Asker: 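First, the structure itself, so that you have it in front of you.
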Protein chains: 2
Amino acid sequence: MPVRDRRAERRAATRAEILDAAWELVRADGLAALAMRSLGARVGMRAQSLYAYFPAKHAIYDAMFADSTRQLLDRLTNQPPLDDPVDRLRRLARLFLGFCVEDPVRYQLLFQRTIPGFEPGPQSYALAVEALGHGRRALADCGIAGGRALDTFTGLVAGLAAQQNANEPGGDRWVRLLDEVMDMFLTRYPPTQGRQQQ
Amino acid sequence: MPVRDRRAERRAATRAEILDAAWELVRADGLAALAMRSLGARVGMRAQSLYAYFPAKHAIYDAMFADSTRQLLDRLTNQPPLDDPVDRLRRLARLFLGFCVEDPVRYQLLFQRTIPGFEPGPQSYALAVEALGHGRRALADCGIAGGRALDTFTGLVAGLAAQQNANEPGGDRWVRLLDEVMDMFLTRYPPTQGRQQQ
DNA sequence: GTCTATATCCAGATAGAC
DNA sequence: GTCTATCTGGATATAGAC
């Protein structure tokens, strides 16, 4: 039997094409405005034919959620090594904030629960937990321990993202405050490892 | 002619009743899940009859938005006087954060733009601008000037609200970090008026 | 296997009778 | 003011062509 499954390949390609089209629609009209009819139209299908690829509309959201989390994890993982843990922490914060603000709709899907009835599936959720682990480890590498420090760190960084996306999507009015906010954080939670240790 | 317009009074009462019912529904099922049919049913009407009181569903959202902003303004205004401006700033932050987390759905309506096609009307928006003015004045009273300080302040406080509502609605995991975050802020932007001046 | 055609059900919204 | 009737359109399921 043949090694390649051409049928499965074509199917996967079509699925990917549908997801791409979904992202385009959602960026243009808003996350909640995704409609099976227009999605089908964009890939040259009737709405009903989409159900051959996704069992329901929520399954499309779920696939988009998983895609996004994988993008974030890839970005967190594929970084050149950096010796100083405080530099790594600052880079992580910049990376995460950049990821959040470069696509407000993706941010809404990942971090705000605004689609009625949509909850990411367990495997999607596991990816999100893994992303949070990167933050925990980056703090631990700096010698900053404790859940309180982690909550404060996530609160500050995600807070800038929330303000930026809510009040000036696409801009940098809050993004450019990041260095200063990180200074505040590191003054309050002084690292015991790395360059800025006291 | 009579001084009281009983017709207008009854109409206003019905409008208020509809809005109350809308809040109940929205708190139970989510902001985006508000449906004219169920809203009508809850006040003993058919969905179509609601259009005698609100020209469209968005008009209901808009009235809810205006209601919420008025609640916030009332709360900001009706505070006992406090001599120290830094105390006033801290109280303002506590007040605002409490307002945001005590009703996550109201928070979503006011501060996240997640309903496709909904924008608050100009008079609703003006109320929101007025609320921001309270923050600006509270900072100015402390001798903390500049838009950068205001953006940082709002970013920090609203950031805690965003994290709290997104990750643990109804809880206090991020709310209880407020004092600490305010300490960070006041260390970075030292007040020149009031108790904590340096 | 994947498409088209069709049907059901639930939205928001409008027209017009009373 | 509230109703009935009706329109448009979206999600979803199924039957059947090929």
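Hydrogens, waters and symmetry mates are skipped; everything else that's a heavy atom, side chains included, is used. Just so we're on the same page: letters track the sequence lines, and every chain starts at 1. Predicted model only: the values in this text are computed from it and were never measured.
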Asker: Output the residues of residues 11-20 of chain A in contact with DNA chain D, where contact means a heavy atom of the residue under 4.0 Å from an atom of the strand; sort by number or write none.
Answerer: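 Output list: empty, so none.
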Asker: Could you run down nucleotides 9-15 of chain C 5' to 3' and tag each one B, S or - for protein heavy-atom contact under 4.0 Å?
Answerer: --BBBB-
Asker: How does the hydrophobic cluster around B:Leu132 look, that is, which other residues are in it when side-chain heavy atoms under 4.5 Å mark a link?
Answerer: none
Asker: Have a look at B:Arg7 and say if it touches a base, only the backbone sugar-phosphate, or nothing, with a 4.0 Å heavy-atom cut-off.
Answerer: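 Result for B:Arg7 = sugar-phosphate.
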Asker: Quick check for you: name the first and last nucleotides of DNA chain D, 5' to 3', having an atom under 4.0 Å from a heavy atom of chain B.
Answerer: D:dG1 to D:dA5
Asker: So, taking the atom named CG in B:Leu92 and the one named CG in B:Asp87, what distance separates them when rounded to the nearest 0.5 Å?
Answerer: 12.5 Å
Asker: Looking across every strand, which nucleic acid part, if any, lies under 4.0 Å from A:Tyr53 by heavy atom: base, sugar-phosphate, or nothing?
Answerer: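 Sugar-phosphate, backbone atoms only, no base.
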Asker: Holding to salt bridge (charged side-chain N to carboxylate O under 4.0 Å, His left out), I want the full list of residues that pass it with A:Arg11, two or more places apart in sequence or in another chain.
Answerer: none
Asker: Under the rule for salt bridge (charged side-chain N to carboxylate O under 4.0 Å, His left out), what residues qualify as partners of B:Arg148, not counting sequence neighbours?
Answerer: A:Glu180
Asker: Among residues two or more places apart or on two chains, list those pairs meeting side chain to side chain donor-acceptor pair (under 3.5 Å) that have a residue in residues 64-78 of chain B.
Answerer: B:Gln71-B:Arg106, B:Arg75-B:Glu102
Asker: Filter on ring pair (Phe, Tyr, Trp, His ring centres under 6.0 Å), then keep only pairs touching residues 68-97 of chain A, sequence neighbours left out; what's left?
Answerer: A:Phe96-A:Phe111
Asker: Among residues two or more places apart or on two chains, list those pairs meeting side chain to side chain donor-acceptor pair (under 3.5 Å) that have a residue in residues 21-49 of chain A.
Answerer: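 Only A:Glu24-A:Arg42, A:Arg27-A:Asp103 qualify under side chain to side chain donor-acceptor pair (under 3.5 Å).
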Asker: Could you work out, with salt bridge (charged side-chain N to carboxylate O under 4.0 Å, His left out) as the rule, every residue matching A:Asp172, not counting sequence neighbours?
Answerer: A:Arg176
Asker: Can you list the residues that meet the salt bridge (charged side-chain N to carboxylate O under 4.0 Å, His left out) rule with B:Asp141, with sequence neighbours excluded?
Answerer: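 Applying salt bridge (charged side-chain N to carboxylate O under 4.0 Å, His left out) to B:Asp141 gives B:Arg88.
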Asker: Under the ring pair (Phe, Tyr, Trp, His ring centres under 6.0 Å) rule, what pairs show up with a residue in residues 130-180 of chain B, not counting sequence neighbours?
Answerer: B:Phe153-B:Phe185
